[in-house]
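Beneath this line is the structure, given in structure tokens, with notes to follow.
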2 protein chains.
Amino acid sequence: MSLPHMLLGLLEEGSMSGYELNKAIHDSIRHFWTTDQSQIYRALHKMEADGWLRVETVIQADSPNKKVYHLTEAGREALAVWLRTPLVNQPLREAWLAQIFFGSAIPTAETIRLVEGYRKGVAEGLAALEELQARLPAAGERAHVPRRYQYQLLTLDYGMAYHRSMLATLDAMLEQMKLIAEVTE
Amino acid sequence: MSLPHMLLGLLEEGSMSGYELNKAIHDSIRHFWTTDQSQIYRALHKMEADGWLRVETVIQADSPNKKVYHLTEAGREALAVWLRTPLVNQPLREAWLAQIFFGSAIPTAETIRLVEGYRKGVAEGLAALEELQARLPAAGERAHVPRRYQYQLLTLDYGMAYHRSMLATLDAMLEQMKLIAEVTE
DNA sequence: TCCATCTATATGCACATACATATACGTATC
DNA sequence: GATACGTATATGTATGTGCATATAGATGGA
């Protein structure tokens, strides 16, 4: 389970409440990790019990009080260890590929339509990432950007490369499927 | 949940027992879907209760009796429907990218080492797929191959394209990280 | 005044899934 | 005779996870 370590990483940049962590996940790591609000609070409770976090209750006048979490030394250490720990590589798990694999059970035109839909979804995902990147420094200017920020940009690069490759692969797949349709229909 | 539909797809090609389905998953769709043996039996029970499958108990002399599952009309129909149904597109979920995103908390050399490890894993995955493909028809001969089989090859193509793209992206990432290391260390 | 919305935290619940374990038959090996 | 292995099916259980819901203070608009 990685969520606690995501939270450690975010809290290393600055102390936050669960509510703020939820927003931070949505704003900055959504392109490779999403989670439910309820999981965040559950994770925070466990992390506090494990001594990774210290809670500070902040009384607010203009909105409900909040519990701001701070990294402890143990938490900082847990993050540093995790950042060096190779994760077990998860095998591909793509249910939609089964719709291709077993596609011969329905007319080719229908599977083509399906894949075109998936292509559209990927194109939209890529557009969202490109829009995000347009508001950030270009590759040439990166050397002058804080180190922390350079790492963050690398994950955005990965997301875009993934989407572009996916588009190209889907296009190739669609071409092959059109050949199948020609021969057999 | 997709496992029941995976089983429908496999059983459409021929009736099998749970034990044989487990082997079929390992032999032919492992490159995009894996599962535990226990889930297969649980899924089969549910699918039978839902009327998608019919059981035939086969008495064997040389090994324990087996329960061979056959598709019913309802099962065949459920497969056909699923094959046309767009799956909700799952957002990227790559915990290792968080190790990059938060990488500034440890020396760059350590993150480089980590990514090199991941690169090795991807290269091994690609090698396994290439070995598998070497025993199958090349692209030029595909037109003369059964339609069912052509679809199966497309999923292998996808797996290889994914791995190749992943390798290229990781290499680019490693180059960027070496630049970071030069500037800041 | 009522209602919606934002801030803020928390629990209930269902589902998917993996790991471990249990049972049991037949064959081959030591 | 004991042990290991392949075949074959099944349950127990823990964990990860998302959706729904509950509670509640403050603000702003209809």
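Convention: sequence-line order gives letters A, B, ...; per-chain numbering from 1.
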Chain B footprint on DNA chain C, 5' to 3' - any atom under 4.0 Å from a heavy atom:
dA16(C) to dG26(C)
Starting at NZ of K67(A) and ending at P of dG25(D), how long is that distance when rounded to a whole Å?
17 Å
Going by side-chain heavy atoms closer than 4.5 Å, which hydrophobic residues are tied to V81(B), directly or by a chain of links?
none
Quick one: hydrophobic cluster around V68(B), which other residues, with the 4.5 Å side-chain cut-off, linked directly or via members?
V58(B)
It should be established whether Y41(B) places a side-chain nitrogen or oxygen under 4.0 Å from OP1 or OP2 of nucleotide dT9(D).
yes
Per nearest nucleotide of DNA chain C, the residue lying toward the 5' end, H45(A) or P64(A), is P64(A)
Output the distance between atom CG (L97(A)) and atom CH2 (W33(B)), rounded to the nearest 0.5 Å.
10.5 Å
Which comes earlier along DNA chain D counting from the 5' end, the contact point of A61(A) or that of W33(A), where each point is its nearest nucleotide?
W33(A)
Within this structure, what is the OH-to-C1' distance between Y69(B) and dA8(D), rounded to whole angstrom?
11 Å
Please report, rounded to the nearest Å, how far the P atom of dT11(D) is from the CD1 atom of I40(B).
15 Å
For E48(A), is there an ion pair with R54(A) - N to carboxylate O distance below 4.0 angstrom?
no
So which one's nearest nucleotide on DNA chain D is more toward 5', D62(B) or R93(B)?
D62(B)
Nearest-0.5 Å distance, CD of residue E13(A) to OG of residue S104(B):
7.5 Å
Within residues 8-30 of chain A, find the residues that approach DNA chain D with a heavy atom at under 4.0 Å, and present them sorted by residue number.
none
Heavy-atom side-chain contact between F101(B) and I29(A) under 4.5 Å
yes
Within-4.5 Å side-chain heavy-atom neighbours: M6(A) and F32(A)
yes
Atom-pair distance (CD on E48(B); P on dT9(D)), nearest Å
12 Å
Do we see a donor-acceptor contact under 3.5 Å between the side chains of R147(A) and T108(B)?
yes
Side-chain hydrophobic cluster, 4.5 Å single linkage: members besides Y41(B)
Y19(B)
Hey, do the aromatic rings of Y158(A) and W96(B) have their centres closer than 6.0 Å?
yes
Is the side chain of S2(B) donor-acceptor paired with the backbone N or O of H5(B) at a distance under 3.5 Å, no angle test?
no
List, with names and distances, any nitrogen or oxygen atoms from the protein found under 3.5 Å away from nitrogen or oxygen atoms belonging to nucleotides 19-22 of chain D.
| from | atom 1 | to | atom 2 | distance (Å) |
| --- | --- | --- | --- | --- |
| dC19(D) | N4 | S38(A) | OG | 2.8 |

